Amino acid sequence: MSDREDVAPTVFDMRSGPHATTAAMGLVPVAGESGALYSPAGSNYVRRMLQARPEMAAVVAAASGQPLTRAWMDERLAALRAPSADVEDALKQALRRLRAEVLCVVIERDLRGDATLAEVTGAMTDLAELAIQHAIAVLTEDMAPGYGRPVGEHSGETQELVVVGMGKLGGRELNVSSDIDLIFLYDEDGETAGGRRSLSNHEYFIRLGRRLNNVLADVTADGYVFRVDMRLRPNGDAGPLACSFGMLEEYLVVQGREWERYAWIKGRVVSALDTPHAQRTAKMLERLTTPFVFRRYLDYGVIAAIRSLHAQIRAEAAKRSGGLAAHGVNQRSFNIKLGRGGIREIEFMAQVFQLIRGGQDPALRVRPTLEVLSVAVERGLLPAGQAEQLADAYRFLRQLEHRLQYRDDAQTHHLPTTPEEQQAVALLMGCPDWDALLARLAALQDPVAQQFEATFSDPEEGHAPAEALWPSLVEEDEDEPACERLENAGYHDCAGLLDRLRATAGSVRYRALTEQNRARFDLLVNRALELAARQGDADRTITRFLDFFDAISRRASYLSLLSEYPQAMERVAHTLHASRWAAAYLTRHPQLLDELLDSEALAGAPDWPAFRQRLSERMAAAHGQVETQMDILRREHHAETFRILLQDLQGMLTVEQIADRLSDLADAVLDITLAAVWQQLPNRHREVPRFAVIAYGRLGGKELGYASDLDIIFLYDDDHDGAPEIYAAFARRLITWLTTHTAAGMLFDVDTRLRPNGAAGMMVTSFASFQRYQRRQGDNTAWVWEHQALTRARFGAGDTELGARFEALRNEVLCQERDAAALRDEIVAMRRKVAEGHPNHGTLFDLKHDRGGMVDIEFTVQYLVLLHSRAHPELTRNAGNIALLRMAATLDLIDAGLAAAVGDAYRTFRARQHQLRLDGQAQARVPVDTVAVQAEQVRALWRAVFGDA
């Protein structure tokens, strides 16, 4: 969402122009017809400033015609600087007078209806940064004769004070009467050099920091620049005013608390970045704080932490409210920042996305609240309608905040209590009276409060739990009462389950849990016992549940997620019950729990362009961090696979749809991986490689399963002298990226044996060589079985032009004229070899390899394609076996009835095979009588095409 014109029709009707607007607000011009000022009518502060400095009216009138810029502020500061023997006093006066001018211009433009919220907060932020940077420069020069400059003891570099702006300053959201939250840091210890006396760097920066605070915050005859709050520094008021990076790092690692993570989200260097040292230290600070704020894993523990922090804040706000309710102020909404539905609740709802997911998605590390909401919508984390509600409320509340503060330059967030002030504020907000403003406020705050409560409500509140079987079960002195309780709950193998529960209770892993995490674990085991008992096979499901808990028990975030979202636990129960393979997959990749929360994504079809775009952005953000990029690929692939799996388990997809989606996913991941690996290749000689991945087998035929290998080969077409070596290194590195096990798991098993000459051939093949090989030109030529494989090959990823040339060559090869008898003998012989390589000595029917199974169908189709494509080029389409059978029947190459029956058989075999794989079966074998009719139909087609071979 863009920062829309904040003086929208809901607040002011800007279509009638500024005079109409200000009249509706009760404002009248006070400085004559030209350069009229409206702000004095709405701001006691502006009136006082103009009375104290009448000459300022002309400055404000001249500047208020357009948004303030940093350049304008620089010019005004130079004009306001007066020569003085006392450098600090002169600095204080100039900055305070600049602040008065900036604030008056901002108020004038805002009340006149010309300024957006972003303009107001941006101008105040620019003022703060200018004041800090200018003051540091002046004070540093002033201290130089006495103390010199601080020098790093290791680098020998001149050190500079690093000022970190926190809160609204860090987020560039500063309000007009805000404190500024600052932290003072420096890079290296050492001593000053070049002055009359030497100080340690630590003492020097403390002195500089104190003087900076005085310049900004001392109240003089000209007022102040900004109140300064230093309590967010390490150890708060008890800590040193300035600390080294090393001290900060140790503090964050050892003592950093949860609320400090929230504070550091907006932390940003606001001192000047115009020297190499300053730029380098800013990057060092980012590297130091990012792991503290943004965890590498999905961090759902923040929900309970924010809930607790918010309760403390609201209690404190209620305590401060005193007797405002007695004055007719709604006790729930009098504080527009901390009250129900207030600014802080909106900020918390934005921050929760950042803290949970910011470690894995850098796009969420932006600082301004409205930008965070926008990214959350882009990422599908927040419905657009809800985000718009939050954004509208945020803008309105920030506008109201400013109008409360415009009155007397007071840092207040309380609604006024006197009728006169209430009416004045209502008019400033474009409302005819106080009741209208309260109604508008309630209409915006109530949805915020409802969203906040839905996000952060305690899932256990008001929930009447079933009998808590765990851990009391394992504390029973005798087995019989415990078994009886389990039987009553719906379990059959009670002795086995009781042994398993006791093993869990006695495990080192369980005993090592913190008190909070053990309470969560206990809650989840009880929920699991209740949910598993509702499934068709309670004993099998609870066993899988306990295996799953073993895998996640040390990760507080996963325990938090399942504790906070009961619906996720229900989906876990369904997943574990429905499929052994799915249970094992979720147990291996528990980060996929996050996918169980997005009901919309679980019901919709994949958006592959959006997937590619998102994955490309995340890979680009992690450029140069190989391990991070490999983990990103794995997490994204696992997440998409899991979404497909969940829809599969819900019965929403056919086997063909599953295979299509898994194949499309593999194509997308291959494409993104190619681009990333090429960028990491040290000896690459061009920006984009002339390189293509050709898919064979199940990937080539778009019949990929959940655990299928990728049968791929690599082609290149590049005249560069070093191309063979470069592309060979590229292919090896690509395979490493695809197959290596990282903390996030593995992407794919890769099989490249279908390349020319198999395992004995080169890892990559030039297109010219591949073309000669497939055309059978020269001594080294393709075998018939390689042309069989070509019937299920396609361009998968990489250079699209090279891919198109491969497709043209494939069609040419498949359309070659062939001797029917010779081709028949070759394929029959190959079928025999395949059967010999997969003997079946059992009584069950092997859906794939037994005669009458899937291989017979595939070989039959391949024979028909190779034999008849010359006369019927449409057979070269890589359309899948069922479609090709139908096409062959249409061309009168095989009996139409038999083709339809065998197509149905193939669909049945694939569905049965798929189900057996999901159930964890290594081989797809079924009782013979369950597929006897289908197998005989397949054998009948074989005989019709190949005779009795």
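In what follows, residues are counted from 1 in the order of the sequence shown. Since the model is a prediction, treat every value here as computed from it, not as a measurement. The analysis underlying the following values was restricted to heavy atoms, covering all of them including side chains, and did not include hydrogens, waters or symmetry mates.
- With sequence neighbours excluded, the residues that form a salt bridge (Lys or Arg N to Asp or Glu O under 4.0 Å) with Arg261 are Glu258, Asp299.
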### Task
Begin from the C-alpha positions of Leu95 and Val225 and carry the test side chain to side chain contact (heavy atoms under 4.5 Å, CB included) through to its verdict.
CA-CA 6 Å; Leu95 287 174; Val225 189; 3.7 Å; yes

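- For Lys92, the side-chain hydrogen bond (donor to acceptor under 3.5 Å, both in side chains) partners at least two apart in sequence or on another chain are Asp218.
- Counting only residues at least two apart or in different chains, salt bridge (charged side-chain N to carboxylate O under 4.0 Å, His left out) contacts with residues 264-273 comprise Glu129-Arg268, Glu173-Lys266.
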### Task
Let me see the working for Arg367 and Glu371 under salt bridge (Lys or Arg N to Asp or Glu O under 4.0 Å), right down to the final yes or no.
CA-CA 7 Å; Arg367 294 178 177 89; Glu371 285 188 32; over 6 Å; no

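- Checked against salt bridge (Lys or Arg N to Asp or Glu O under 4.0 Å), Glu401 has the following partners two or more places apart in sequence or in another chain: Arg398.
- Scanning for side-chain hydrogen bond (donor to acceptor under 3.5 Å, both in side chains) contacts around Gln255 gives an empty result, with sequence neighbours left out.
- Of all heavy-atom pairs between Tyr204 and Gly148, the closest is CE1-O, 4.0 Å.
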### Task
Could you walk me through whether Asp114 and Gln66 pass the side chain to side chain contact (heavy atoms under 4.5 Å, CB included) test, one step at a time?
CA-CA 8 Å; Asp114 291 342; Gln66 56 189 5; over 6 Å; no

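- Remark: Gln411 CD is packed, more than 12 non-hydrogen atoms of other residues, nucleotides or ligands lying under 6.0 Å away.
- Because its NZ or CZ atom is not both nearer than 6.0 Å to the ring centre of Tyr147 and within 45° of the ring axis, Arg196 does not count as a cation-pi partner of that residue.
- Residue Glu286 qualifies as open at atom CD: its count of foreign heavy atoms under 6.0 Å is 12 or below.
- For the 3.5 Å distance criterion, the side chains of Glu160 and Thr275 qualify, holding a donor opposite an acceptor.
- A pairwise comparison of heavy atoms in Val120 and His402 identifies CG1-CE1, 3.5 Å as the closest pair.
- Residues satisfying the side-chain hydrogen bond (donor to acceptor under 3.5 Å, both in side chains) criterion with Glu249, sequence neighbours excluded, are absent altogether.
- In this model, no donor atom of one side chain and acceptor atom of the other lie less than 3.5 Å apart for Asn44 and Tyr406.
- Judged as a salt bridge (charged side-chain N to carboxylate O under 4.0 Å, His left out), the pairs with a partner in residues 52-63 (not counting sequence neighbours) are, in order, Arg53-Glu55, Arg53-Glu101.
- Counting only distance, with no hydrogens or angles, the side chain of Arg172 and the backbone of Lys168 share no donor-acceptor pair below 3.5 Å.
- Residue pairs satisfying the side-chain hydrogen bond (donor to acceptor under 3.5 Å, both in side chains) criterion with at least one member in residues 231-243, sequence neighbours excluded, are listed as follows: Asp229-Arg231.
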Which pairs would a plain distance check flag for residues 178-187, meaning a side-chain donor or acceptor within less than 3.5 Å of a matching protein atom at least two apart in sequence or in another chain?
from	atom 1	to	atom 2	distance (Å)
Asp179	OD1	Arg227	NE	2.9
Tyr186	OH	Asp189	OD1	3.0
Tyr186	OH	His202	ND1	3.0

### Task
Would you please test Asn213 and Leu241 for side chain to side chain contact (heavy atoms under 4.5 Å, CB included) and show each step?
CA-CA 10 Å; Asn213 284 346; Leu241 192 68; 4.0 Å; yes

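- Residues Leu216 and Ile132 have side chains in contact (heavy-atom distance under 4.5 Å, counting atoms from C-beta outward).
- Leu397 approaches Ile336 most closely through the heavy-atom pair O-CD1, 3.6 Å.
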### Task
Might you work through the side-chain hydrogen bond (donor to acceptor under 3.5 Å, both in side chains) test for Glu188 and Ser155, ending with a clear yes or no?
CA-CA 8 Å; Glu188 292 184 69; Ser155 68; 2.4 Å; yes

### Message
Walk me through whether Glu347 and Lys337 qualify under salt bridge (Lys or Arg N to Asp or Glu O under 4.0 Å).
### Response
CA-CA 10 Å; Glu347 291 171 338; Lys337 178 179 179 181; over 6 Å; no

### Task
Using the salt bridge (Lys or Arg N to Asp or Glu O under 4.0 Å) rule, take Arg99 and Asp222 through it: C-alpha gap first, then chi angles, then the decisive distance, then the call.
CA-CA 10 Å; Arg99 190 255 187 186; Asp222 293 294; over 6 Å; no

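- A donor-acceptor pair shorter than 3.5 Å can be found between the side chains of Glu108 and Ser39.
- In terms of heavy-atom proximity, Ala436 sits nearest to Cys431 at CB-CB, 4.1 Å.
- Proximity of a side-chain donor or acceptor of Ser64 to a complementary backbone N or O of Ala61 within less than 3.5 Å is detected.
- For Arg149, the salt bridge (Lys or Arg N to Asp or Glu O under 4.0 Å) partners two or more places apart in sequence, or in a different chain, are Glu141.
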### Message
Determine whether His413 and Arg344 satisfy the following criterion, side-chain hydrogen bond (donor to acceptor under 3.5 Å, both in side chains), listing intermediate values before the conclusion.
### Response
CA-CA 11 Å; His413 297 90; Arg344 183 55 52 83; over 6 Å; no

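- A donor-acceptor pair under 3.5 Å is absent between the side-chain atoms of Asp408 and the main chain of Tyr45, judged by distance alone.
- In this structure, Leu364 and Ala376 approach most closely via the heavy-atom pair CD2-N, 4.4 Å.
- When the salt bridge (Lys or Arg N to Asp or Glu O under 4.0 Å) test is applied to Glu191, no partner is found at least two apart in sequence or on another chain.
- The pair Arg280-Glu157 meets the salt-bridge criterion, with a side-chain N (NZ, NE, NH1 or NH2) lying under 4.0 Å from an Asp/Glu carboxylate O.
- For Glu153, the side-chain hydrogen bond (donor to acceptor under 3.5 Å, both in side chains) test picks out no residue, with sequence neighbours left out.
- Judged by distance alone, the side chain of Gln399 and the main-chain N or O of Thr116 form no donor-acceptor pair under 3.5 Å.
- At a threshold of 4.0 Å, the pair Arg257-Glu260 counts as salt-bridged, since one of the basic side-chain nitrogens sits closer than that to a carboxylate oxygen.
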